[in-house]
Peer 1: 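Just passing along the structure, written as C-alpha cells.
Remember, it's a predicted structure, so these values are computed and weren't measured experimentally.
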Amino acid sequence: SFEPLTAAAHSALAAYAALALASTGTGGMSGGMVIGGPGRRSWQASVAGAGVLLLILQIALGALVRHHLIGYGLHLLVAGLTALAILVPAVAVSQDTGATAVLKRAARLAIASLLVQLSLGVAVLFMILIGTANVSGWLLTTVAHVVAGTITLLAAARLAHGLRLFRTAR
C-alpha cells in the first residue's frame, strides 16, 4: 500500500493521465488539452478551464480524505467551488442559442455527470454521518463516487476544450 501523500499524488496524476489519454483519441478532443490558445478567450472557457483544474485538485483531496490526512471541510469547500466552475459555463452554453449542437451536448454531459457525482458524494456523506454497517453498500457508493469523479473530469474537460475552440473561432 502507498503512503497517503503518495496515494493522493498518484490519484491526481492518474486523473491527469486519463485526461491526457482522452484528449488524444480520434474524433474526440482533437488537439491537445490546452485551455487557452490564440485569440481572446471567453469567460466561459476560462471558468470551465478553472473547473478542470479544480477537479484534479478535488481528486487529490478525495484521496487525502480517504487516508484521513484532511477533514471533510476542505473537500466539501473545493467541491462547491468546482461545481460552480462547471455549472456556470455549462448552463450558459445550454441557454446560448448561438452554441453548436456539439457544444450544447458537452454542456449537458458536464451538468449530468456533475449531478451524479454530487449525489454520490452526498450519499457517502450521509453514510458517514449515520455510520452505516453495510460494507457492500459503502464500497459500491464510494467506488461509484470515484468513477463518477473521473467521468465528470472528462466531461468538464470536453466542455472547456469545446468552449476554447468555439469561442476563439467566432
Peer 1: Are Val93 and Leu109 connected in the hydrophobic side-chain network, where two residues link if heavy atoms are under 4.5 Å apart?
Peer 2: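 The answer is no; the residues belong to distinct hydrophobic clusters.
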Peer 1: Let me confirm one number: the CG-CD1 distance from Leu87 to Ile111, rounded to the nearest 0.5 Å.
Peer 2: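 Taking CG in Leu87 and CD1 in Ile111, the distance rounds to 6.5 Å.
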Peer 1: So which heavy atom on Trp43 is nearest to which on Val88, and how close?
Peer 2: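 Between these two residues, the closest heavy atoms are CZ3-CG1, 3.6 Å.
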Peer 1: How long is the gap from OG1 on Thr142 to CE on Met127, to the nearest 0.5 Å?
Peer 2: 7.5 Å
Peer 1: Could you list the cluster mates of Val146? Members are the ILVMFWY residues connected by side-chain heavy atoms closer than 4.5 Å, either directly or through other members.
Peer 2: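 Via sub-4.5 Å side-chain contacts, Val146 links to none.
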Peer 1: Which atom pair, heavy atoms only, marks the closest approach of Ala155 to Ser113?
Peer 2: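 Taking every non-hydrogen atom into account, CB-OG, 3.5 Å.
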Peer 1: Can you list everything that forms a side-chain contact (heavy atoms from CB on, under 4.5 Å) with Ile59? Sequence neighbours excluded, please.
Peer 2: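 For Ile59 the side-chain contact (heavy atoms from CB on, under 4.5 Å) partners, ignoring immediate neighbours, are Ser11, Ala15, Leu153.
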Peer 1: Just jot down the side-chain contact (heavy atoms from CB on, under 4.5 Å) partners of Val147, sequence neighbours excluded, or say none.
Peer 2: Val143, Ile151
Peer 1: Which pair of non-hydrogen atoms, one from Ala83 and one from Leu118, has the smallest distance, and what is that distance?
Peer 2: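 So the two residues come closest at CB-CD1, 4.2 Å.
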Peer 1: Taking transitive links into account, so neighbours of neighbours count too, which hydrophobic residues share a cluster with Leu140 at under 4.5 Å side-chain distance?
Peer 2: none
Peer 1: How does the hydrophobic cluster around Val116 look, that is, which other residues are in it when side-chain heavy atoms under 4.5 Å mark a link?
Peer 2: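 Same cluster as Val116: Leu120.
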Peer 1: Measuring only between side-chain heavy atoms, which start at C-beta, is Val47 closer than 4.5 Å to Leu84?
Peer 2: no
Peer 1: Check for a donor-acceptor pair, side chain of Gln117 on one end and backbone N or O of Gly149 on the other, with a separation under 3.5 Å.
Peer 2: yes
Peer 1: Could you list who else is in Ile130's hydrophobic cluster, with ILVMFWY side chains joined at under 4.5 Å, directly or through other members?
Peer 2: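 Noted: Ile130 shares its cluster with no other residue.
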Peer 1: Provide the closest heavy-atom pair for Ala90 versus Ala107 in the form atom of the first, atom of the second, distance.
Peer 2: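 Heavy atoms of Ala90 and Ala107 come nearest at O-CB, 3.4 Å.
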Peer 1: Report yes if the side chains of Leu55 and Ile86 come closer than 4.5 Å at any heavy-atom pair, otherwise no.
Peer 2: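 A side-chain contact exists here, since the closest heavy-atom pair is under 4.5 Å.
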Peer 1: Please enumerate all residues that pass side-chain contact (heavy atoms from CB on, under 4.5 Å) together with Leu64, with sequence neighbours excluded.
Peer 2: Leu5, Ala8, Leu61, Leu69, Ile70
Peer 1: Is there a donor-acceptor pair closer than 3.5 Å between any side-chain N or O of Lys104 and the backbone N or O of Thr97?
Peer 2: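 Pair absent, no side-chain N/O of Lys104 close to backbone of Thr97.
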Peer 1: Does the side chain of Val122 come within less than 4.5 Å of Phe126's, by heavy atoms?
Peer 2: yes
Peer 1: Can you run down the side chain to side chain donor-acceptor pair (under 3.5 Å) pairs that involve residues 71-82, sequence neighbours left out, and say none if there aren't any?
Peer 2: Gln58-His75
Peer 1: Among residues at least two apart in sequence or on other chains, which ones pass side-chain contact (heavy atoms from CB on, under 4.5 Å) with Val102?
Peer 2: Thr100, Arg105, Arg158
Peer 1: State the CG-CG distance between Asn134 and Leu139, to the nearest 0.5 angstrom.
Peer 2: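 Rounded to the nearest 0.5 Å, the CG-CG separation comes to 9.0 Å.
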Peer 1: Supply the atom-to-atom distance Leu163 CG to Ser42 OG, rounded to the nearest 0.5 angstrom.
Peer 2: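 Reported to 0.5 Å precision, the distance equals 5.5 Å.
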Peer 1: Quick check: closest heavy atoms across Gly162 and Leu103, and the distance to 0.1 Å?
Peer 2: C-CD1, 3.5 Å
Peer 1: Return the NE2 to CG distance between His145 and Leu125, rounded to the nearest 0.5 Å.
Peer 2: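 If we round to the nearest 0.5 Å, His145:NE2 and Leu125:CG are 9.5 Å apart.
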